[in-house]
**Student:** 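Handing you a structure now.
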There are 2 protein chains.
Amino acid sequence: MTHFPFQRLQSELASLIAHTPGGQRLPSEPELARQMGVSRATLREAMRSFETQGLIRRRQGAGTFVVGQVSVMESGLEVLESLDTMAKRQNLEVTVSDLQVEKMFADQDVANGLIVPLGTRVTRVRRVVRAEGRPVAYLVDTLPEEIFRPDDLPTSFHGSVLDYLIHRGDPLNVARANITAIGATAEVAKSLEIQRGDVLLHFHSQVYDKSGKVLTYTFSYFIPGYFHFHVVRRVGNG
Amino acid sequence: MTHFPFQRLQSELASLIAHTPGGQRLPSEPELARQMGVSRATLREAMRSFETQGLIRRRQGAGTFVVGQVSVMESGLEVLESLDTMAKRQNLEVTVSDLQVEKMFADQDVANGLIVPLGTRVTRVRRVVRAEGRPVAYLVDTLPEEIFRPDDLPTSFHGSVLDYLIHRGDPLNVARANITAIGATAEVAKSLEIQRGDVLLHFHSQVYDKSGKVLTYTFSYFIPGYFHFHVVRRVGNG
DNA sequence: TTGTGTCTAGTTGTCTGACAAATTCAAGTG
DNA sequence: CACTTGAATTTGTCAGACAACTAGACACAA
């Protein structure tokens, strides 16, 4: 079943990339194509696939570079904590960039997520989390305006909606997170400085207060490799 | 930043794919390339990216098809249950194929996962789970041979190692699952009938018995869209 | 009728060669 | 030293061609 050059190619390229230190440049495309015995067009299709997986990055005029792994953030999913808290716990330095706070009205999706009527006034908070300067996560919180108004934004606000709510003393209770894997959309790709379609871990979660009301509805996008999420599962009929 | 044909293309193609019913064929590559005003080479790179995301599937000689979503399996991660159990609970029909049981010796990775000495005799169980005929998950269990010998395989064994252990009355306790997103490796891609590098949700988990011993070390690969995994998270400072 | 083999038009897979656009870096210039 | 220029290198895109494969139509024999 390995008749096609494309499949041989992927195998050899995967090995080459795995054995090349992060940040280092790969041979040029004409050079690689000759080495692997395929045309540049076929090589480029394979490269596109690896780029979609986030393993390499291509820059016109400069070359193709292997993306290296950096330190990972480890978290148990049973406990809800902000990335900031999570990073502090592990002595990692994270920064927040591209912070955007805006007013909007709930569309169907937001209305379902927050369990509010369509058209309700809501506040949306978007931000990019960076580790060692590189984007590693993109977070979009949407909250009812009665919970959080852009004007309320204190100077101490450093980007974590969760930390802010906790610090403010809101009666948070639990969160429900849906977990899946997706390819980056245009908006997410731009924010995370990756290509549309690149592999991402995606959480799609709601934070409830003690009365069962939804305080915030959050979309989280994580670049794989920087995070280790784990969860403890009890046996079914236990 | 949208100067390159490739980026315009991805946007238009994403829309086209989203608006095309599942299972339906897209226009041929020369036709599409003309419509979108790009060369076939550029079009194919974009197509490769969408194929990597699992949104389309290309078949030489036949055409390019949009893969449609089918019914989803919903599961809370707090409770450990087999896909079989999970499907039954929701009246979905799943089948198991490509069941392979083999003996091997623990390599470094398996030894770490099972917490046994390097070279310990282990049993590996591989299988593909299908819903509506299509592969949706690929599972690889590795167990110490003292827990599970291939010869022990009862006729009732239908592919679920977990269900087997539970039914046998083993004192299962908890499982720890690590969650991430990855691109498919060659082995996984072949089993799931997708392309190497396609987006997958990946669990990497261990099941412990009441004494803290690891009973099985499992790699699970899920094609996104067929599953809804969720988890309830408690607020940090409870 | 049913099944089988063959043919053909259409589709994806790959190749070759070329040019455009961006980057890098060294040499030149004030 | 700061800035410009220009050549070499590298990725982005294009055009056209042929090979490999698929699906459907068709003829023909059982």
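Throughout, protein chains are lettered first and strands after them, A, B, ... in sequence-line order, and every chain is numbered starting at 1.
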**Student:** Whole-Å distance between dT16(C) C1' and Arg34(A) CZ?
**Tutor:** 15 Å
**Student:** Look at the side chain of Thr42(A) and decide which nucleotide, out of dC21(D), dC14(D), dT14(C), has an atom nearest to it.
**Tutor:**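 Looking only at heavy atoms from C-beta outward on Thr42(A), the closest nucleotide is dT14(C).
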**Student:** Give the rounded distance in Å between these two atoms: CZ of Arg59(A) and P of dT23(C).
**Tutor:**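 Rounded to whole Å, this separation is 8 Å.
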**Student:** Can you tell me whether the side chain of Arg40(A) and the base of dG12(D) have a donor-acceptor pair closer than 3.5 Å?
**Tutor:**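 Such a pair exists between side chain and base.
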**Student:** Glu193(B) versus Val128(B): any side-chain heavy-atom pair under 4.5 Å?
**Tutor:** no
**Student:** Between dG13(C) atom P and Glu45(A) atom CD, what is the distance in whole Å?
**Tutor:**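 Going from Glu45(A) (CD) to dG13(C) (P), I get 7 Å.
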**Student:** For residues 100-112 of chain A, pull every pair meeting salt bridge (Lys or Arg N to Asp or Glu O under 4.0 Å), keeping only residues two or more places apart or in separate chains.
**Tutor:** Glu102(A)-Arg126(A)
**Student:** In whole angstrom, what separates Gln195(B)'s CD from dT12(C)'s P?
**Tutor:** 14 Å
**Student:** Is there a side-chain polar atom (N or O) of Thr64(A) under 4.0 Å from OP1 or OP2 of dT11(D)?
**Tutor:**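 It does, given that an N or O in the side chain of Thr64(A) lies less than 4.0 Å from OP1 or OP2 of dT11(D).
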**Student:** Do side-chain atoms of Ser191(B) reach the backbone of Glu187(B) as a donor and acceptor pair under 3.5 angstrom?
**Tutor:** yes
**Student:** Measure from the side-chain heavy atoms of Ser39(B) and tell me the nearest of dT12(C), dC14(D), dT11(D).
**Tutor:**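 When the side chain of Ser39(B) is considered, dC14(D) is the closest of dT12(C), dC14(D), dT11(D).
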**Student:** Protein-nucleotides 3-9 of chain D N/O pairs closer than 3.5 Å?
**Tutor:**
none

**Student:** Output all residues satisfying ring pair (Phe, Tyr, Trp, His ring centres under 6.0 Å) with Tyr217(B), sequence neighbours left out; order by chain, then residue number.
**Tutor:** His204(B), Phe219(B)
**Student:** Closer than 3.5 angstrom, by distance alone: can the side chain of Glu12(A) be matched with the main-chain N or O of Met36(A) as a donor-acceptor pair?
**Tutor:** no
**Student:** Is there a side-chain contact between Arg58(A) and the phosphate of dG12(D), meaning an N or O under 4.0 Å from OP1 or OP2?
**Tutor:**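 Yes, Arg58(A) has a side-chain N/O under 4.0 Å of OP1/OP2 on dG12(D).
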**Student:** Report yes if a donor N or O on one partner sits less than 3.5 Å from an acceptor N or O on the other, where the partners are the side chain of Arg44(A) and the base of dT13(D); otherwise report no.
**Tutor:**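 Such a pair does not exist between side chain and base.
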**Student:** Quick one: Leu32(A) CG to dT11(D) P, roughly how many Å, whole number?
**Tutor:**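 Distance, rounded to whole Å: 8 Å.
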**Student:** Mind checking whether Thr123(A) and Val101(A) have side chains closer than 4.5 Å, heavy atoms only?
**Tutor:** yes
**Student:** Given atom CD of Gln60(B) and atom P of dC21(D), what is their separation to the nearest angstrom?
**Tutor:** 6 Å
**Student:** CD of Glu31(B) versus P of dG10(C): gap in Å, rounded?
**Tutor:** 13 Å
**Student:** Could you check how far CZ of Arg48(B) sits from C1' of dT14(C), rounded to whole Å?
**Tutor:** 11 Å
**Student:** Which heavy atom of Pro135(A) sits nearest to which heavy atom of Ile223(A), and what is that distance?
**Tutor:**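 Nearest heavy atoms, Pro135(A) then Ile223(A): O-CD1, 3.3 Å.
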